[in-house]
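Only one structure is covered here, and it is reproduced in the block below.
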Amino acid sequence: MLAIRLPRILQAKQNLLRGSSLARDVRKGYIAVYVGEEEKKRFVIPLSYLNQSSFQELLSKAEEEFGFDHPMGGLTIPCREDIFLDLTSRLDAS
């Protein structure tokens, strides 16, 4: 199933906000994510992306690979940066 449970994501975000100084610079309504296969780059994205089916596919892969325990202070998404940027630009345009 491609859908991911939003309450689990929101709980993960709350845990991140409590424990990370990096997460404190994320405005309300946004979440920090780390993207990359080897070297991770940090992005701050709108929480509304979490409702999009294309983004949920990435989150499902992230959950399979990393779970929701993220030592970097944000969700880790295991995909190439160019794929992530293409997806987010399409979500921004919609």
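Scope of the values below: all heavy atoms of this structure, side chains included, with no hydrogens, waters or symmetry mates.
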Next item on the list: First locate atom CG of L58, then atom OG of S53, and finally report the distance between them rounded to the nearest 0.5 Å.
Entry: 11.0 Å
Checklist line | Interatomic spacing from CD1 in I45 to OG1 in T88 - rounded to 0.5 Å | finding: 8.0 Å
Note to self: Suppose we screen for side chain to side chain contact (heavy atoms under 4.5 Å, CB included). Which residues come up paired with S54, at least two apart in sequence or across chains?
What the structure shows: Q52, L87, L91
Checklist line | Close side-chain approach of E37 and I77, heavy atoms under 4.5 Å | finding: no
Next item on the list: Please name all residues satisfying salt bridge (charged side-chain N to carboxylate O under 4.0 Å, His left out) with E81, sequence neighbours left out, ordered by chain then number.
Entry: K41
Next item on the list: Considering non-hydrogen atoms only, spot the tightest contact between V26 and A32 and give its length.
Entry: CG2-CB, 4.0 Å
Item checked: Cluster check L85, F55: I/L/V/M/F/W/Y, side chain < 4.5 angstrom -> yes
Notebook entry, point to check: Quick one: CG on D92 to CZ on R90, what's the gap to the nearest 0.5 Å?
Noted result: 11.0 Å
Check: With respect to F43, which candidate in Y30, F84, Y34, Y49 satisfies the ring pair (Phe, Tyr, Trp, His ring centres under 6.0 Å) definition?
Finding: F84
Next item on the list: Applying salt bridge (charged side-chain N to carboxylate O under 4.0 Å, His left out), name anything that partners D82, two or more places apart in sequence or on another chain.
Entry: R80
Notebook entry, point to check: Heavy atoms, side chains only, cut-off 4.5 Å: are T76 and V33 in contact?
Noted result: no
Next item on the list: Kindly indicate whether the side chain of R42, heavy atoms from C-beta on, has any atom under 4.5 Å from the side chain of V44.
Entry: yes
